[in-house]
Amino acid sequence: KQEVTQIPAALSVPEGENLVLNCSFTDSAIYNLQWFRQDPGKGLTSLLLIQSSQREQTSGRLNASLDKSSGRSTLYIAASQPGDSATYLCAVPVGGGADGLTFGKGTHLIIQP
Amino acid sequence: ETGVTQSPTHLIKTRGQQVTLRCSSQSGHNTVSWYQQALGQGPQFIFQYYREEENGRGNFPPRFSGLQFPNYSSELNVNALELDDSALYLCASSWRLAGGGTDTQYFGPGTRLTVL
């Protein structure tokens with residue numbers, strides 16, 4: 001059974017800092033990994049999808065890396081802004097022929113103005 | 001291109017009742033997935049539908065059932081509601097890839113279900 005762990009559970013940093021969020025998964029037989037953002041009480045917004053054949057994916061100030069063999073992914077946020085405050089979730093396919101996603105519990109990020 | 005929509009936004013039911021939640025997929029997507037998110041937790045996969053058939057299910061009992069319609073809209077039905085069913089229910093639509101698996105999943109805003 002696929003399990004996803006995200007570290008840290010919460011993070012509070014001053015505006016302007018670069019930061020790294022970590023995600024690990026137990027079954028490396030994945031075909032992609034997604035990072036999402038969730039604002040309080042809202043749905044999820046897809047940030048980045050990395051295919052298993054890729055090692056990195058970039059969108060604006062966000063960069064996600066994937067090391068499939070070690071079961072790890074990182075989300076790098078450059079020059080953080082107060083608007084980046086949200087919960088960040090990573091997700092991988094559940095496996096076993098099903099295409100649903102298994103999520104971590106997320107990292108709750110607060111960027112202090 | 002329209003996004004994923006869900007209805008209703010909020011719903012209050014009592015224990016033992018039945019509920020139907022609705023989802024309209026993003027234009028062009030042929031796969032819909034449903035998730036349950038308890039407070040402070042990540043979403044948990046309930047099931048997925050592709051071409052109107054269930055295509056994978058998480059660890060949820062049979063009283064959680066679904067339908068996908070030819071226009072790719074979808075319903076989640078929950079029978080015999082329990083207090084622990086109180087959660088945010090999310091649907092996500094995506095495009096099933098030729099070799100299996102799905103591309104980026106796009107989520108709706110969710111339905112907040114409270115069971116009293």
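Convention: sequence-line order gives letters A, B, ...; per-chain numbering from 1. Predicted model only: the values in this text are computed from it and were never measured. The basis for the numbers below is simple: all heavy atoms, side chains too, and nothing from hydrogens, waters or symmetry mates.
Of the possible polar contacts, one joining the B:Tyr35 side chain to the A:Leu101 backbone as a donor-acceptor pair under 3.5 Å is found.
Ring centroids of A:Phe103 and B:Phe45 are separated by 6.0 Å or more, keeping the two rings apart.
Around CG of B:Asn59, the count of heavy atoms belonging to other residues, nucleotides or ligands within 6.0 Å does not exceed 12. For NZ of A:Lys42, the number of neighbouring non-hydrogen atoms (other residues, nucleotides, ligands) closer than 6.0 Å is 12 at most. Few gaps surround CZ on B:Arg63; more than 12 heavy atoms of other groups in view lie less than 6.0 Å from it. No more than 12 heavy atoms of other residues, nucleotides or ligands lie within 6.0 Å of CG in B:Leu39, so this atom counts as exposed by the packing criterion.
If you tally non-hydrogen atom pairs under 4.5 Å between each of B:Pro43, B:Gly40, B:Cys91, B:Ser33 and chain A, the highest count goes to B:Pro43.
Proximity to chain B is limited to the side chain of A:Gln38, based on heavy atoms less than 4.5 angstrom apart. Heavy atoms of B:Tyr50 lying under 4.5 Å from chain A are absent altogether. With a 4.5 Å cut-off on non-hydrogen atoms, A:Leu89 touches chain B through its side chain but not through its backbone. For A:Leu49, the part lying near chain B is the side chain, with the backbone staying farther off; criterion is any non-hydrogen pair under 4.5 Å. Contacts of B:Gln105 with chain A are made by both backbone and side-chain atoms, with heavy-atom separations under 4.5 Å.
No continuous path of ILVMFWY side-chain contacts below 4.5 Å connects A:Tyr76 to A:Ile111, so the two sit in separate hydrophobic clusters. With hydrophobic clusters built from ILVMFWY side chains whose heavy atoms lie under 4.5 angstrom apart, B:Leu11 shares a cluster with B:Leu83. When the side chains of ILVMFWY residues are joined at heavy-atom separations under 4.5 Å, either directly or via intervening members, B:Tyr72 and B:Trp95 end up in two distinct hydrophobic clusters.
Listed here is the closest heavy atom pair of B:Gln41 and A:Lys105: OE1-CE, 3.2 Å.
Rounding to the nearest 0.5 angstrom, the gap separating the OG atom in A:Ser46 from the CZ atom in B:Phe107 is 9.0 Å.
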